[in-house]
J.: 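Can you read through this structure? Questions will come right after.
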Amino acid sequence: GEWGDVVHAKLAYKAPALSGDVTLIDATVTALGTDPPTGQPLATLEVVMKNQRDEVMAEGVAEVRLPT
């Protein structure tokens, strides 16, 4: 949501987004923890971005600090 913060992201881009492409991002929560500096909840996500042809454009891991 709009109140979370991306703390860290490491994604490998495999294909460009061309003019007119639709980009869809899907993520799965793989771990939950606590952000040490703030004490807020932290979610680790496996992220995949695909286009309208279901081609993988990017994939990787992101850490998101959640609001309390």
J.: Give the minimum heavy-atom separation between Val47 and Ala62, together with the two atoms involved.
T.: CG2-CB, 4.0 Å

J.: With the side chain counted from C-beta on, respond yes when Thr44 and Thr30 share a heavy-atom pair under 4.5 Å apart, and no when they do not.
T.: yes

J.: With sequence neighbours left out, write down each residue that passes side-chain hydrogen bond (donor to acceptor under 3.5 Å, both in side chains) with Asp35, or none if nothing qualifies.
T.: Thr38, Arg65

J.: Would you say that Tyr13 contacts Met49 through its side chain, given a criterion of any heavy-atom pair below 4.5 Å between the two side chains?
T.: yes

J.: Report the residues that fulfil side-chain hydrogen bond (donor to acceptor under 3.5 Å, both in side chains) with Glu55, sequence neighbours left out, ordered by chain and then residue number.
T.: Asn51, Arg53

J.: Just how far is it from atom CD1 of Ile25 to atom CE of Met57, taken to the nearest 0.5 Å?
T.: 9.5 Å

J.: Looking at every non-hydrogen atom in both residues, tell me the closest pair between Asp21 and Pro16 and how far apart they are.
T.: OD2-O, 4.1 Å

J.: Kindly indicate whether the side chain of Thr68, heavy atoms from C-beta on, has any atom under 4.5 Å from the side chain of Pro41.
T.: yes

J.: Going through the distances and angles, do Lys10 and Val61 end up as a side-chain contact (heavy atoms from CB on, under 4.5 Å)?
T.: CA-CA 6 Å; Lys10 185 174 182 179; Val61 177; 5.5 Å; no

J.: Closest approach of Val22 and Gln52, non-hydrogen atoms and distance?
T.: N-OE1, 2.9 Å

J.: Measuring from Leu42:CG to Asp5:CG, what's the distance to the nearest 0.5 Å?
T.: 10.5 Å

J.: If hydrophobic clusters are built by linking Ile, Leu, Val, Met, Phe, Trp and Tyr wherever their side-chain heavy atoms come under 4.5 Å apart, do Val7 and Leu11 end up in the same one?
T.: no

J.: Rest of the hydrophobic cluster containing Val48 (Ile/Leu/Val/Met/Phe/Trp/Tyr, side-chain heavy atoms under 4.5 Å)?
T.: Val56

J.: Is there a side-chain contact between Leu66 and Gln40 in this structure, where contact means two heavy atoms from C-beta onward sitting under 4.5 Å apart?
T.: no

